[in-house]
Amino acid sequence: MSTAHIRPATVADAGILADLGARTFRETFAAICSPEDLACYVAGAYGEAVQAAELADPDRPGLVLEVDGLPAGFVQMRFGHREPGVPGSRPAELQRIYVLRAHHRGGWGTALMAAGTGLARAWGADVLWLGVWEHNDRALAFYARHGFREVGEHIFRIGGQVDRDLILAKGLA
Ligand SMILES: CC(C)(COP(=O)(O)OP(=O)(O)OC[C@H]1O[C@@H](n2cnc3c(N)ncnc32)[C@H](O)[C@@H]1OP(=O)(O)O)[C@@H](O)C(=O)NCCC(=O)NCCS
C-alpha cells in the first residue's frame, strides 16, 4: 500500500515543481497541442526560475504531494487575484492542481484540494476559484465532485493555440 505526504513547497523545491509541472502538463495536453506550442508554453510557465519566483511570493504558496517518498503532484495557490465573474470579497485562486497520471484516481487530487483549501481558509478567503480548459473532462468531473460551479470564461493561449477556459468558483463560507 502506498503512503502519501503533503508538505509545503519552498523555493528549494522550484526544480521539483518545474519538473512535475512540465511532466503533468505534457501528459494532460500533448494530445491536443502541437509539440512546438507545448514546448513554448512549458518553457515559459514551468521553468525553474519562474517556479522559484512564484514560491518566494507569500501570496502564491505551493504544496507538494509525495507518494512513497517521490514527488507525484502539487497544488499552487494565488491569493487576492480574480477573474471577472468570481464572487466574494477575498478570492483565492487554485492556480494549479496536478497529479502524475500513474497516480490518478487514488484520492491524491482530493487530498491536494483539501490541503489547498485549508491554506485559502487560513488566509481568510471567502471564495475559491480556478480556470479549466472547457474540454478537460477529467478535471471538470473532479471539480464538479468538489462543488465548483461555472461563473465565467476566459481565453487561454498555449503558444499559437487559442482555447476557452471555464472559470469555476466555490464559496468557502
Ligand atoms: C484532476 C486531477 C487533479 C484529479 O486527481 P485524482 O487524484 O485523480 O482525483 P481523485 O482520485 O481525488 O478523484 C476524486 C473524484 O474526482 C472525480 N474524478 C477524478 N478523475 C475523474 C475521471 N477521470 N473521470 C470522472 N471523474 C473523475 C471522481 O468523482 C473522483 O471520485 P471517485 O474516484 O471516488 O469516483 C487529476 O486528474 C490530474 O492531475 N489531471 C491532470 C492535470 C489537470 O488536468 N489538472 C487540472 C487542470 S485545471
Side-chain angles (χ1 to χ4, degrees), residues 1-7 9 13 16-33 37-46 50-51 54 60-79 81-86 91-120 125 127-159 161-170:
M1 177 151 167
S2 297
T3 55
H5 174 60
I6 293 176
R7 61 172 179 81
D13 293 311
I16 289 176
L17 257 65
D19 178 60
L20 275 175
R23 285 164 67 194
T24 50
F25 196 87
R26 284 179 192 284
E27 283 182 351
T28 309
F29 297 110
I32 60 139
C33 290
D37 284 347
L38 202 67
C40 173
Y41 182 83
V42 165
Y46 293 113
V50 176
Q51 297 302 313
E54 290 183 3
R60 302 180 84 159
L63 297 165
V64 183
L65 165 73
E66 292 171 339
V67 177
D68 294 334
L70 294 175
F74 67 101
V75 62
Q76 275 181 293
M77 309 299 295
R78 188 174 180 192
F79 297 148
H81 159 76
R82 78 167 89 208
E83 292 272 340
V86 173
E93 180 183 6
L94 190 89
Q95 195 192 5
R96 295 183 179 120
I97 182 164
Y98 282 85
V99 174
L100 287 172
R101 181 165 291 173
H103 298 287
H104 282 182
R105 261 359 233 280
W108 309 131
T110 295
L112 283 171
M113 173 69 77
T117 302
L119 289 183
V127 63
L128 191 59
W129 71 274
L130 57 92
V132 54
W133 182 46
E134 62 178 328
H135 298 303
N136 188 346
D137 294 336
R138 190 187 300 126
L140 287 168
F142 174 76
Y143 295 135
R145 170 72 177 257
H146 287 285
F148 286 84
R149 67 182 179 85
E150 190 178 330
V151 296
E153 62 177 55
H154 72 181
I155 294 301
F156 185 75
R157 292 176 198 279
I158 301 180
Q161 185 172 324
V162 179
D163 291 307
R164 190 172 81 110
D165 270 10
L166 303 179
I167 306 298
L168 310 183
K170 170 185 174 173

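Indexing begins at 1, ligand by ligand and atom by atom, following the structure's order. Values below: all heavy atoms of this structure, side chains included; hydrogens, waters and symmetry mates excluded.
Considering both main-chain and side-chain atoms, Val132 never comes within under 3.5 Å of ligand 1 through any nitrogen or oxygen pair. The distance criterion of under 3.5 Å between nitrogen or oxygen atoms is met by Asn136 with respect to ligand 1. Looking at ligand 1, you won't find any N or O of Ala139 less than 3.5 Å from one of its N or O atoms. At least one N or O atom of Arg105, backbone or side chain, sits closer than 3.5 Å to an N or O atom of ligand 1.
Given atom 4 (C) of ligand 1, the protein heavy atom at minimum distance is Phe142 CD1, 3.6 Å. The protein atom (non-hydrogen) at minimum distance from atom 23 (N) of ligand 1 is Arg138 CG, 3.0 Å. Shortest contact from atom 14 (C) of ligand 1 to any protein heavy atom: Thr110 OG1, 3.3 Å. Among protein heavy atoms, the minimum distance from atom 29 (O) of ligand 1 is reached at Arg145 NH1, 3.0 Å. Looking from atom 7 (O) of ligand 1 to the surrounding protein, the closest heavy atom is Gly109 N, 2.8 Å. In terms of protein heavy-atom proximity, atom 42 (C) of ligand 1 is closest to Tyr98 CD2, 3.2 Å. Protein heavy atom nearest atom 39 (O) of ligand 1, with residue, atom name and distance: Val99 N, 2.8 Å. Taking atom 36 (C) of ligand 1 as the reference point, the nearest protein heavy-atom neighbour is His104 NE2, 3.5 Å.
Counting only distance, with no hydrogens or angles, the side chain of His5 and the backbone of Leu65 share no donor-acceptor pair below 3.5 Å.
Atom numbering of ligand 1 starts at 1 in the shown order; those under 4.0 Å from a heavy atom of Gly131 are 48 (S). Interface of Thr28 with ligand 1, defined as ligand atoms under 4.0 Å from a residue heavy atom, comprises 41 (C), 42 (C), 44 (O). Atoms of ligand 1 found under 4.0 Å from any heavy atom of Ala141, numbered from 1 in the order shown, are 25 (C), 26 (N), 27 (C). Annotation for ligand 1: atoms under 4.0 Å from non-hydrogen atoms of Gly107 are 10 (P), 11 (O), 12 (O).
For the atom pair Arg78 CZ and Arg96 CZ, the distance stands at 9.5 Å (nearest 0.5 Å).
Side-chain contact between Phe29 and Asn136 is present, with heavy atoms from C-beta onward closer than 4.5 Å.
Contacts between Tyr143 and ligand 1 below 4.0 angstrom, taking non-hydrogen atoms only, involve the side chain exclusively.
Taking a 6.0 Å sphere around CZ of Arg157, one finds it holds 12 or fewer heavy atoms contributed by other residues, nucleotides or ligands.
The aromatic rings of Phe25 and Tyr98 sit tilted, their planes meeting at an angle between 30° and 60°.
With respect to the salt-bridge test (charged N to carboxylate O, under 4.0 angstrom), the residues Arg82 and Glu93 do not qualify.
In this structure, the ring of Phe156 has its center less than 6.0 angstrom from the ring center of Tyr41.
Between the side chains of Glu83 and His154, at least one donor-acceptor pair of N or O atoms lies under 3.5 Å.
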